[in-house]
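Below is one structure, written out as structure tokens, with a few remarks after it.
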There are 2 protein chains.
Amino acid sequence: MNEGGGQVPALDPHTPVGHVGERSLLRHLRSRIPQGPGVVVGIGDDAACVETSPRTLVTTDCLVEGVHFRRAWTEPSLLGRKALTVNLSDIAAMAGVPRYATVSLCLPADLPLSFVDGFYDGLLERAAETGVDVVGGNLSAAESLIVVEVALLGRAERPLLRSGAQAGDLVAVTGTLGAAAAALHFLDRGVRWRGNGTLEGADSYGPDVRSCLIRCLGAHLDPAPPLAFGQALAEDDLVHAAADVSDGLSGDLLNLCLESGLSAWVDSSAIPVDPAAAQLEREGGENGFSLALHGGEDYEMLMAVPPENLEALQKVALVWDVPLTVIGEFTAGPPRVSVKFGDTLRRLKPQSHDHFVDPLREHRSDPSRGA
Amino acid sequence: MNEGGGQVPALDPHTPVGHVGERSLLRHLRSRIPQGPGVVVGIGDDAACVETSPRTLVTTDCLVEGVHFRRAWTEPSLLGRKALTVNLSDIAAMAGVPRYATVSLCLPADLPLSFVDGFYDGLLERAAETGVDVVGGNLSAAESLIVVEVALLGRAERPLLRSGAQAGDLVAVTGTLGAAAAALHFLDRGVRWRGNGTLEGADSYGPDVRSCLIRCLGAHLDPAPPLAFGQALAEDDLVHAAADVSDGLSGDLLNLCLESGLSAWVDSSAIPVDPAAAQLEREGGENGFSLALHGGEDYEMLMAVPPENLEALQKVALVWDVPLTVIGEFTAGPPRVSVKFGDTLRRLKPQSHDHFVDPLREHRSDPSRGA
């Protein structure tokens, strides 16, 4: 899968990757990638060889141009960070420790080398932040489309499954919801956020809206799952089940219900709608509630918490500076999710992100989706 | 990364995957995938959890439509088999035992469900043949292109690296070379090979050519790397270094030279040109030699063998019914490959498959590439 060493020629960043060629590009990338102590064989052989514990977590996720991102919306380095982050979120939701990643890039031949270098800048920065070694780097042409696939291995301390929820467990979620989805509308209108925090294309907005844009576009382009909090959950049996909120609260909670054979309800007034998302939505006459329920890409953690463990869990959340909100309860019953509006319980139809049905759609609130 | 359980609705095979939706499709696939004893958590959670030994091999490889395959050239089930096989070949070349695979499919929304089912038919059949558990199944839309990415974990018995060759080691290769590459020209002309061995679009050819077409198209569409032989090499120290011949002998041998810091020469008369490839090439006035050197996708094993171990290695090859040919020698010197024509030694410029430079090109022999 990988490519040999040898001299690495100096490469002009404007060169199209098709001119660099697969072998030179792999040699070039390999020279950039550090090799940590658990890596027996890194990039450069048919397969990598890594030290593993008796139980290993494996996850893979891809970012497809036009479906998960647009080239104009993001910087290569942010795309690199996010490609790893979406997998880190999966490992954290299993209470695991991320270890080794393989990166597979399918690239149009006319893409400049600087794109690939920028992508690896971001990915390797994120890897260093999280103790991950990149051990495989596959490259291929693709006719017109960038496809990024990262597979991530992790150490499974005590894997936290989706299937462990019990009737009476509280539904709890970290952070706030809806920020990443609120960004889509503005990305589509040409607003840009750079990794250094600056905004572009937002001059017509006032300072309040601009600060909300920084928050929401940042959440979309450089998500920050509660990784340390997730890992910490391996230490005690505080939580019965967990999942990351990648597809949207409605769908991911239904998934916990399906896996655990339970119903769940959430209180509409308890859902932690991201304040910045709510403010951006108010510009369009909405309140962000629909985005928080269905928007997706929040990369927060959704948990089933026995009530007697709540206080201890809140302490863990405090240690890791992670907001924790109880939003409902798991109950005996067929797999379904309901939302409480005051005294009224309405069954929720999951409307979460489905990349087949609705790639990079405009995420405007739609009251009919609310409940 | 994965999707929950619950009832699996009966699905019409003609339904476009975009109508089925990501969640239903994942549920549908999950219901088809068996879970072996080493799988602690299979498809259906944020990550899979698998039992691993202290050292684990990791490899990933992708098949991109228009670059590695064409939809018209192959059947979905053969594509599924090959997606796993190209990774199996990497694990075998490390003398490893394949264990767990994740499968990531990026699919145009209008692709019928039957394609995905056929793909999994082939992939799961190949997985069962080789003792592999499929533990992750990611799905995404892609605008117009099928991209298949398989990551494969293996048990590293005693990993056989590319970097271990020593001066004086023999260059040995399994099987024959050039068959897969010889197929491209005929696939491009509309000849088709079905998994059951039948040919289509080949009525104008005589029985001899037809039997060569069956051999070469089969090698291209359903490669058969020497997996058991590769695994067996973990038992003794018979071989100093190994790689699979995926990009072509010239490039893969140069790679062993680069990794081991050696030169190598091969004897032109010793290279095991596939007889069927040679016969098909004769139709165009060539002899298959160039395809055997540069064609790629052979998925045979290339090895550095100390001369004193050759006899023992030949016995292992005999046990596993794998043809083994000594084609040259590693020598002290800068990383380069030369070809001996009689008494003349000519330096070989690697011309192996580079998917950026030359996606699915017509692999006609070109005498200028010969040496």
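From a predicted model like this one, the values you see are computed outputs, not experimental measurements. Proteins get letters first, then strands, A, B, ... in listed order; numbering begins at 1 in each.
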Options A:A151, A:P159, A:S53, ranked by heavy-atom pairs under 4.5 Å with chain B, top entry: A:S53
For the interface with chain B, which of A:V50, A:L160, A:L152, A:L57 has the highest count of heavy-atom pairs at distances below 4.5 Å? A:V50
So, the part of A:E51 with a heavy atom under 4.5 Å from chain B: the answer is both
Given B:R30 and A:E259, is the salt bridge (Lys or Arg N to Asp or Glu O under 4.0 Å) satisfied, shown in steps? CA-CA 13 Å; B:R30 183 183 178 187; A:E259 292 297 318; 2.7 Å; yes
Does the side-chain hydrogen bond (donor to acceptor under 3.5 Å, both in side chains) test come out yes or no for A:S246 and A:E297, once each step is laid out? CA-CA 4 Å; A:S246 52; A:E297 298 226 64; over 6 Å; no
Is a salt bridge present between B:R99 and B:D133, judged by a nitrogen-to-oxygen distance below 4.0 Å? no
Does B:R71 come within less than 4.0 Å of B:E65, counting only side-chain N to carboxylate O? yes
Identify which part of [X] has an atom lying under 4.5 Å from any heavy atom of chain A, answering side chain, backbone, both or neither.
X      : result
B:A242 : backbone
B:A156 : side chain
B:L256 : neither
B:L145 : side chain

Side-chain donor-acceptor pair under 3.5 Å between B:T102 and A:T60, yes or no? no
Identify the residue among A:V147, A:V148, A:N138, A:L111 that makes a side chain to side chain contact (heavy atoms under 4.5 Å, CB included) with A:L105. A:V148
